[in-house]
Amino acid sequence: MINCKVCQAMINIEGKQHQHVVKCGVCNEATPIKAPPPGKKYVRCPCNCLLICKGTSQRIACPRTNCQRIINLGPIQATAYVRTPGTNRVICGHCTQAFLFDVHLNTLARCPHCRKVSSVGPYYARKRAWIFGLIGFFFLAAGIGVTIGTYETAEHSGGIYVVWIGAYIIGFLNLLRALHYGCMKVSTVSGQV
């Protein structure tokens with residue numbers, strides 16, 4: 001049981017739960033019992049007619065022949081965006097779409113449009129490429145040095161092979177990471193918002 005939104009009479013909704021609106025038996029006006037369907041909204045005319053219209057509608061007309069009022073619903077309120085300090089407009093290096101990004105906290109940005117990661121400014125990616133490249137070359141050089149230095153010992157002790165393989169794998173993975181950063185697309189900061 002619910003109250004009619006017009007005359008406050010009790011309406012029995014038993015067996016009608018699948019409907020969005022029910023009709024009052026006293027005043028013969030419709031009363032919503034569920035939220036409107038997606039993309040729709042309910043509006044009550046001054047003549048008490050319940051209207052279902054698009055959620056974006058700004059003006060609607062009452063269909064009753066004795067009313068036919070035009071109801072102005074007003075402009076749709078835009079959602080306010082609260083900008084955090086340091087947020088800048090960034091142009092994606094992949095799809096060239098603009099999005100907002102805090103460049104002070106992060107330097108790798110995931111574009112909300114194409115979902116691809118890019119470096120904000122060329123310095124971060126270039127610096128990371130150099131760091132991982134140097135680490136990779138260091139481990140490869142260390143692996144070669146250990147291999148040459150312990151070649152005869154490795155014939156008697158099999159555990160030294162693990163050190164060789166570990167140094168080569170670490171060096172190779174760091175070089176791959178350096179290549180990743182070296183080839184990374186660069187997004188540009190177009191100014192503060």
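Because the structure is predicted, anything quoted here is derived from the model rather than measured. One is the number of the first residue; the rest follow in order along the sequence.
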His94 (side chain) donor-acceptor with Val117 (main chain) under 3.5 angstrom: yes
Backbone N/O of Arg115 and side chain of Arg110: donor-acceptor pair under 3.5 Å: yes
Over all atoms of both residues, closest heavy-atom pair of Val26 and Cys7: CB-SG, 4.1 Å
Beyond-backbone contact of Thr31 with Ile11, side-chain heavy atoms, under 4.5 angstrom: yes
Exceeds 12 heavy-atom contacts within 6.0 angstrom, atom NZ of Lys127: no
Val21 side chain reached by Lys34 side chain, heavy atoms, under 4.5 Å: no
Check: Val43 and Cys53 side chains under 4.5 Å, non-hydrogen atoms: yes
Atom of Cys62, atom of Leu51 and distance for their closest heavy-atom approach: CA-CD1, 4.3 Å
Phe101 and Val120: CA distance, side-chain angles, deciding distance, side chain to side chain contact (heavy atoms under 4.5 Å, CB included) verdict: CA-CA 9 Å; Phe101 186 72; Val120 178; 3.6 Å; yes
Which atom of Met184 lies closest to which atom of Leu108, heavy atoms considered: SD-CD2, 3.5 Å
Least distance between heavy atoms, Cys47 atom then Arg69 atom: N-NH1, 3.8 Å
Distance-minimising heavy-atom pair for Lys185 and Ser118: O-CB, 3.3 Å
Evaluation steps, side chain to side chain contact (heavy atoms under 4.5 Å, CB included), between Tyr42 and His20: CA-CA 10 Å; Tyr42 295 126; His20 286 278; 3.3 Å; yes
Thr147 (side chain) donor-acceptor with Gly143 (main chain) under 3.5 angstrom: yes
NZ-NZ distance between Lys40 and Lys54, expressed to the nearest 0.5 angstrom: 7.0 Å
Cys111 and Val90, any side-chain heavy atoms less than 4.5 Å apart: no
From CA spacing to verdict: side chain to side chain contact (heavy atoms under 4.5 Å, CB included), Cys45, Ile71: CA-CA 7 Å; Cys45 179; Ile71 303 167; 3.8 Å; yes
Side chain to side chain contact (heavy atoms under 4.5 Å, CB included) between Phe139 and Leu175, worked out: CA-CA 10 Å; Phe139 273 96; Leu175 287 177; over 6 Å; no
Expected output: side-chain Ser190 to main-chain Arg89 donor-acceptor under 3.5 Å: yes
Flag side-chain contact, heavy atom, 4.5 Å: Cys24 against Val6: no
OG-CG distance between Ser57 and Asn72, expressed to the nearest 0.5 angstrom: 12.0 Å
Side-chain donor or acceptor of Thr150 paired with backbone N/O of Val146 under 3.5 Å: yes
Pairwise distance CG(Leu73) to OG1(Thr56) - rounded to 0.5 angstrom: 10.5 Å
Same cluster (ILVMFWY, side-chain, under 4.5 Å), Ile60 and Ile70: no
Donor-acceptor side-chain pairing of Ser119 and Tyr181 below 3.5 angstrom: no
Side chain proximity check, Phe132 to Phe137, heavy atoms < 4.5 angstrom: no
Flag side-chain contact, heavy atom, 4.5 Å: Cys92 against His113: no
Heavy-atom closest contact (Phe99 atom, Pro112 atom, distance): CG-CD, 3.5 Å
Within-4.5 Å side-chain heavy-atom neighbours: Glu29 and Leu50: no
